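Chain letters run A, B, ... following the sequence lines, proteins first, then strands; residues in each count from 1. Everything numeric in this text was worked out from a predicted model, so none of it was measured.
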Protein chains: 2
Amino acid sequence: MLEPRDFQQNALLGLLPQEELNRLLPHFEEVTLTLGQSLCESGQHMNYVYFPLDSIVSLLCVMENGASTEIAVVGYEGVVGVSLFMGGETTPSRAIVQSAGKALRLKGQLLKNEFYRAGPMQRLLLRYTQALLTQMAQTAVCNRHHNLDQQLCRWLLLSLDRLRGNELIMTQELIANMLGVRREGVTEAAGKLQRAGLISYHRGHINVLDRLGLEERVCECYSVVKDEYDRLLNHHNVM
Amino acid sequence: MLEPRDFQQNALLGLLPQEELNRLLPHFEEVTLTLGQSLCESGQHMNYVYFPLDSIVSLLCVMENGASTEIAVVGYEGVVGVSLFMGGETTPSRAIVQSAGKALRLKGQLLKNEFYRAGPMQRLLLRYTQALLTQMAQTAVCNRHHNLDQQLCRWLLLSLDRLRGNELIMTQELIANMLGVRREGVTEAAGKLQRAGLISYHRGHINVLDRLGLEERVCECYSVVKDEYDRLLNHHNVM
DNA sequence: AGCGCTATGTGCGATAACGTACAGAGTTTA
DNA sequence: TAAACTCTGTACGTTATCGCACATAGCGCT
């Protein structure tokens with residue numbers, strides 16, 4: 001049986017009133033997500049929704065030729081599987097574990113039942129979905145208007161916000177897949193950050209040395225997304 | 001007083017059971033939307049939601065330097081103002097009329113009341129929101145991976161699907177703002193389509209001469225979005 | 001130690017889109 | 001009718017990213 005404090009590790013669940021949480025408590029399962037694991041394939045039904053604790057999940061749009069782009073990232077502040085309660089059951093996107101760690105999972109049907117009580121859980125999940133919408137929109141603009149250097153900063157900061165420490169375990173190849181660019185492009189952009197002393201890079205391990213430095217370089221997209229999450233999912237506004 | 005058949009012009013309202021519609025019927029207002037009119041500014045509260053009949057509205061992400069990109073387009077199949085019922089009240093994006101025409105509008109509070117009955121209207125609006133989500137995600141990928149020629153085809157087809165005839169009233173300058181590219185780029189891409197006999201172009205009037213030709217040139221993004229709208233908002237699946 | 005695999009770094013020509021400038025044609029206004 | 005304005009077309013050098021090729025370095029395995 002999970003302890004109440006386990007739930008506080010996920011910010012979304014942490015916002016729920018205790019009685020709502022209690023109803024679901026026995027049905028949660030803690031699972032370990034491994035790097036690269038797929039939680040959802042394009043067009044497939046999901047059996048579970050996942051509330052990350054210290055793991056990070058990327059939502060990817062995959063194209064016919066195999067090229068992909070990350071459209072949003074989900075960590076302890078959110079949930080993977082919004083299409084379940086939105087009513088579509090499936091989405092055309094994939095959910096891939098970008099950073100290994102723990103998550104709480106819940107059977108899709110149970111979440112749907114809770115959602116359709118039209119109480120705090122519904123309000124919360126809808127506000128979260130709107131934040132996700134903003135993240136996707138901003139990703140679209142960023143892809144259009146900002147250069148790779150800035151996009152890499154945005155990606156690093158969004159990931160960092162969802163982790164405890166300052167270390168990311170992620171090869172340049174994988175980052176390139178997320179951003180939808182060439183691996184060489186990431187090498188070059190990351191090289192600049194490394195020479196500027198903002199990060200150190202070593203065979204799949206990125207250490208962020210100077211977070212403020214990254215924030216100076218990043219495009220506005222980062223703070224637009226962050227501010228909107230803060231606004232929509234802050235304790236005062238939600239309940 | 002509006003006639004029931006007026007409502008059938010909006011596909012979303014057309015999917016609602018009669019009794020649901022009857023409850024709201026007295027509160028709808030028909031309005032004329034003019035080209036370039038703003039229905040919603042970034043971060044502003046919306047007082048109304050709009051159900052387009054024969055008008056088209058673009059959702060734009062505007063950046064600090066004024067550059068913009070369309071992240072989704074809404075026509076007779078949808079509604080402008082999802083942030084109202086999603087709970088966030090505002091969004092960081094703008095809603096601009098891209099093609100003049102009629103729409104039905106409803107006071108935001110009335111829609112929210114209806115939404116929180118947790119009945120057919122809620123189910124419908126949530127499914128629509130998921131479709132919107134897909135459109136945004138696909139826009140992000142398309143911005144990344146496809147060239148301007150293909151994106152223009154996608155944009156023309158998405159607009160065409162939301163219009164009665166084959167004529168679009170839209171300057172190259174405006175299309176460029178939507179796609180987030182240079183006006184000259186649109187001139188060039190449109191020139192290719194014109195020379196190929198697919199469209200004819202004259203001072204803000206585009207006539208689509210060969211729709212199938214456009215569908216042959218367009219990237220997969222168009223059909224991903226269209227298929228997902230069809231799946232999520234088709235009569236058999238919704239109610 | 002030696003081999004193979006993986007991750008990173010670098011170089012270079014090709015390409016798409018950019019910024020800018022300007023010309024011409026059509027439309028509106030004075 | 002002339003002037004002003006709007007929309008479209010064209011040209012050209014610049015830049016960011018791509019695609020490809022290949023070098024180097026770290027790590028694991030035998």
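The NE2-P distance, from His145(A) to dT17(D), rounds to 14 Å in whole Å. With rounding to whole Å, Arg183(B) atom CZ is found 8 Å from dG9(D) atom P. Atom pair Ile169(B):CD1 and dT8(D):C1' shows a separation of 17 Å (rounding to whole Å applied). When rounded to the nearest whole Å, the span between CD of Gln150(A) and C1' of dT15(D) equals 15 Å. The CD atom of Gln172(B) sits 11 Å away from the P atom of dT10(D) (whole-angstrom rounding). Taking atom CD1 of residue Ile175(B) and atom P of nucleotide dT6(D), one finds them 18 Å apart after rounding to whole Å. Nucleotide dA16(D) holds its C1' atom 16 Å from the CG atom of Asn147(B), rounded to whole Å. In this structure, Met170(B) places its CE atom 11 Å from P of dT8(D), rounding to the nearest Å.
With sequence neighbours excluded, the residues that form a side-chain hydrogen bond (donor to acceptor under 3.5 Å, both in side chains) with Tyr229(A) are Gln135(A). In this view, Ser93(B) and Thr91(B) satisfy the side-chain hydrogen bond (donor to acceptor under 3.5 Å, both in side chains) rule, not counting sequence neighbours. Every residue two or more places apart in sequence or in another chain was checked for a side-chain hydrogen bond (donor to acceptor under 3.5 Å, both in side chains) with Ser42(B), and none qualifies. Contacts of Glu77(A) classified as side-chain hydrogen bond (donor to acceptor under 3.5 Å, both in side chains), with partners at least two apart in sequence or in another chain: Arg162(A).
Between Arg144(A) and His205(A), the residue whose closest nucleotide on DNA chain C is further toward the 5' end is His205(A).
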Taking only distance into account, with no hydrogens and no angle test, what donor-acceptor pairs under 3.5 Å do side-chain atoms of residues 60-69 of chain A form with protein atoms, sequence neighbours excluded?
unit_1, atom_1, unit_2, atom_2, d
Asn65(A), OD1, Ala67(A), N, 2.8
Ser68(A), OG, Asn177(A), O, 3.2
Thr69(A), OG1, His145(B), NE2, 3.0

Name each donor-acceptor pair under 3.5 Å that joins a side chain in residues 192-205 of chain A to protein atoms two or more places apart or in another chain, with its distance.
unit_1, atom_1, unit_2, atom_2, d
Lys192(A), NZ, Asp149(A), OD2, 2.8
His205(A), ND1, Glu167(A), OE2, 2.8

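You'll find the side chain of Ser55(A) stays beyond 4.5 Å of the side chain of Lys102(A), heavy atoms only. Two residues are said to be in side-chain contact when any heavy atoms from C-beta on lie closer than 4.5 Å; Met136(A) and Leu133(B) meet this criterion. Side-chain contact between Val49(B) and Lys107(B): absent, with no pair of heavy atoms (C-beta onward) separated by less than 4.5 Å.
Residue pairs meeting the ring pair (Phe, Tyr, Trp, His ring centres under 6.0 Å) criterion with at least one member in residues 38-60 of chain B, sequence neighbours excluded, are Phe28(B)-Phe51(B). Sorted by first and then second residue, the pairs that involve residues 36-58 of chain A and meet salt bridge (Lys or Arg N to Asp or Glu O under 4.0 Å), not counting sequence neighbours, are Glu41(A)-Arg94(A).
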Detail all sub-3.5 Å separations between protein N/O atoms and N/O atoms belonging to nucleotides 2-4 of chain D.
none

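What you find for Ala189(B) and Leu148(B) is that their closest heavy atoms are CB-CG, 4.3 Å.
You can see that DNA chain C meets the heavy atoms of chain A within a 4.0 Å-exclusive cut from dT6(C) to dT10(C), reading 5' to 3'.
With dT17(D), dC7(D), dG9(D) as the choices, the nucleotide that has an atom nearest any side-chain atom of Arg203(B) turns out to be dC7(D).
Checking side-chain atoms of Gln98(A) against main-chain N and O of Gly36(A) turns up no donor-acceptor pair under 3.5 Å.
For the helix from dA1(C)-dT30(D) to dA30(C)-dT1(D), the angle separating the two terminal helix axes comes to 30°, with each axis derived from five pairs and the value rounded to 10°.
Within residues 184-197 of chain A, the residues having any heavy atom closer than 4.0 Å to DNA chain D are, in order of number, Glu184(A).
Under the 6.0 Å distance and 45° angle rule, Arg217(B) does not count as a cation-pi partner of Tyr222(B).
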